[in-house]
Amino acid sequence: MSSTIGLEPVLGRSDEMIVNMGPQHPATHGVLRVVIGLEGERITRAVPHIGYLHRNHEKIEESRTYFQVVPFTDRMDYVSGTQNELPVVLAVEDLAGIEVPERAKMIRTMFFELFRIASHLVWMGTAMLDLGAITPFLYTFWDREIILGIVERTAGARMLPNYYTFGGVRRDLHPHFFKDVAEFLDHLEKRMPDYEHLVLENPIVHARTVGVGVLSKERAVARGVSGPVLRASGVAYDVRKAFPYDAYPEVEFEIPTSDAGDTYARFWVRFQEIYQSVKILRQLLEKTPKTGPFKGRAPARLKISGERYRAVENSRGELGVYVVGDGGDKPYRIKHRGAAFSNLQVIPDLFIGAKFSDAIAILSSLDPVFGEIDR
Amino acid sequence: MGLLGSDERPRDIILGTLDDLINLARSRSMWPLTFGIACCAIEMMATWDPKVDADRFGMFFRNTPRQADVMIVSGTVNKKLAKRLRRLYDQMAEPKWVISMGACANQGGPFRHGYSVVEGVDKIVPVDVYIPGCPPRPEALLQALLLLRDKISDRELRYKRPQEIATDYDVFAEPGEDGRIPVL
Amino acid sequence: MDLRIKRERLFDEDVYTVHPDDYRALCEQLKKDGFDYPRAISSLDMGYGLRVVLQLTRMSDLAKVEVRTDVSYDVAAVDSVTDLWPGVEWHEREAYDLMGISFRGHPDLRRLLLEEEWDLHPLQKRYDTGGYLIPDWRPADWPDPAPWQEPAPSQEDAAPEGGEGE
Ligand code: SF4
């Protein structure tokens, strides 16, 4: 059964031990399985196995109308809610020529950034759980609940709200939205020094991440990784700047990059992204009109022909979608390009040569979400 | 329960069966298995966060099935995972319970008609409590855990749960001659 | 070398439709032109064959290209480009797994998402959502362009920038 193990013992190498990790493992963030060859503490070989959460997204979406596709996309990167809906919505808007009002774009962008903060908070909690610290989890999930409360007030659901639609969003903002978000941002800015203290300045984190799992710039680009993993390797590629969408051309923010490329750099970049999201949200709170249209005119029955690839920068990187319409009201084919899918490919590059306990730290710095990887 | 003595007896003596005593201990220390599968797993984590805080009922995650009492199936089970899930269940020591969390674990959820999804985890393991929702709120999971607690309290110690699952569903089957995936 | 190629512009991307035998040559040319970032490999069931869609970005100036090539159901294989862009390794495996397109020269062409024992490629249109075979899924008037049978377009409108046509 070579295929299920994926790692055959090498003849004459009696010093190599083969260890199976997952699919039930607390540090695999879901159902990843990695088969690891060990020589003492060093990893000599690593073969990742995925597919334990393959839910036939792409096939089942072919038998649904475009409006029914959007809630399915929610379930891909389930930590960052509405962010997944945007590529499909943008691609279909392009193909159908639907206009989006300015205010709707701003609302979308605000939700997008709120979910980025929520996702990075979940990452922070779970990554530190992997490294053995329980305290950050208790703080970050508290803050995440505040974001989910804000989302729930407007969109009606906590985690997977199905909020974006073709031409805008489904509902107008809750009257307390601006006040809620402003209060949350004040709260978060007070919390961030604590988080920095708990994570970035933590000597244990330093010892376990600095210089561990270095991904070079060239390798990162060739491997097609994106998001914080790519930016931690020194490439300032961000879809929000490179191919701007929604209200991003109107706000100012920076792309934090680091040249180190190690696990600590990936931690650091995610922290800086939270600061940038706060900055974007503050600008949008100023700019967004309190009242106005939240949805443009869109036909109730969409019939689409043509092909379009659209991408957005979600919390993990470039989340793309390739929509092919054949003139009917259902897509002919939808291909999702998951950011975490491409990011996870670097596991062999990073694991080989590292210590076994480093593997856990490296994996948590890649921040995989299996709904998006296996689809 | 005959746990509380009647008024005629001295107050510091409690009469009851051994069942009651052991069930009391069991129901107050349910340890779930750390096994997050999909979206519902995030809400499962949120059940242990400071806001909902299931810790206060004596429930802590255990990382290995041999130490766990409760398996919370939090997400979509597909045919590739089904064998592993059954094996994890088999590894858990008796007595053991299963909570099916969310529409996917109950019956396949939004992905029900797809080629790779198991239409309900009760086709693989016996389920004690079902939670509706996609995803269920953390409060719903908490309520399910409390329901399970009541269920454990009422059980006879010698009770043996049926191990075979009444189903004609074979997720472990090989593909047929025509290349068809065995669905139902 | 003549590449049998058709070039068009779609939104913000250059789209090259290429004969499957020239797919690898075009990819090498694009790699030389500096397209260093592989975004994705998608696959489609076109009704007359299977299509591979490779999407690339050039990091220096953020130009995007899309390479399409159609293979027939019987052949269903193109050359792998994993050695040019290691990032397409899993994308090719996924296309093989779900759509049944083989990639010649791929270092490790196994099923990625489904189990090794399955012998169907469920994203092909002849399977329905549940994985059952639909014998006649195509309507009788299905268009059949079959591009690999068309004669190569003339050299003027074929030569993309970067001199692929030389
Ligand atoms: S029930 Fe809904 S939220 Fe839960 S795993 Fe299934 S799709 Fe995800």
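All chains are named by letter (A, B, ...) in the order of the sequence lines, taking the proteins before the strands, and each is independently numbered beginning at 1.
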Inset, instruction - Nearest 0.5 Å please: distance from the CG atom of N56(A) over to the OG1 atom of T76(B). - result: 9.5 Å
Legend entry - Considering all heavy atoms, the nearest R75(A)-F111(B) contact: CB-CZ, 4.0 Å
Inset, instruction - First locate atom CG of N78(B), then atom CG of D374(A), and finally report the distance between them rounded to the nearest 0.5 Å. - result: 7.5 Å
Inset, instruction - Any chance you could measure H113(B), atom NE2, to K59(A), atom NZ, to the nearest 0.5 Å? - result: 15.0 Å
Inset, instruction - Give, as side chain, backbone, both or neither, the part of L88(B) having an atom under 4.5 angstrom from any heavy atom of chain A. - result: side chain
Legend entry - Nearest atoms (heavy-atom pairs only) where I60(A) meets P110(B): CD1-O, 3.7 Å
Legend entry - Interatomic distance, S116(B) atom OG to R55(A) atom CZ [nearest 0.5 angstrom]: 9.5 Å
Legend entry - Shortest non-hydrogen contact between G36(B) and V31(A), atoms and distance: O-CG1, 4.1 Å
Legend entry - Other residues, nucleotides, ligands: >12 heavy atoms within 6.0 Å of R28(B) CZ: yes
Inset, instruction - First locate atom CG of L138(A), then atom NZ of K51(B), and finally report the distance between them rounded to the nearest 0.5 Å. - result: 15.0 Å
Legend entry - Heavy-atom pair count under 4.5 Å with chain A, highest-scoring of A41(B), G75(B), C134(B): C134(B)
Legend entry - T140(A) portion near chain B, given a 4.5 angstrom heavy-atom threshold: neither
Inset, instruction - First locate atom OH of Y52(A), then atom NZ of K83(B), and finally report the distance between them rounded to the nearest 0.5 Å. - result: 9.5 Å
Inset, instruction - Indicate the atoms forming the closest heavy-atom contact of I42(B) with R144(A), along with that distance. - result: CG2-NH2, 3.2 Å
Legend entry - Heavy-atom side-chain contact between L81(B) and L53(A) under 4.5 Å: no
Inset, instruction - For the residue pair R158(A) and P138(B), establish whether any side-chain heavy-atom pair is separated by less than 4.5 Å. - result: yes
Inset, instruction - Please examine the side chains of R137(B) and E152(A), heavy atoms only from C-beta on, and report whether any two atoms are closer than 4.5 Å. - result: yes
Inset, instruction - Measure up the Y115(B) and H54(A) rings against each other and bin them: parallel (under 30°), tilted (30 to 60°), perpendicular (over 60°). - result: tilted
Legend entry - Choice from V52(B), L85(B), N63(B), T34(B) maximising heavy atom contacts with chain A below 4.5 Å: N63(B)
Inset, instruction - Look at atom OH of Y195(A) and say whether more than 12 heavy atoms of other residues, nucleotides or ligands are closer to it than 6.0 Å. - result: yes
Inset, instruction - Pick one of side chain, backbone, both or neither for F72(A), based on which atoms fall under 4.5 Å of a heavy atom in chain B. - result: side chain
Legend entry - Greater than 12 external heavy atoms within 6.0 Å of R56(B)'s CZ: yes
Inset, instruction - Among G51(A), A157(A), P23(A), G371(A), single out the residue with the greatest number of heavy-atom pairs under 4.5 Å to chain B. - result: G51(A)
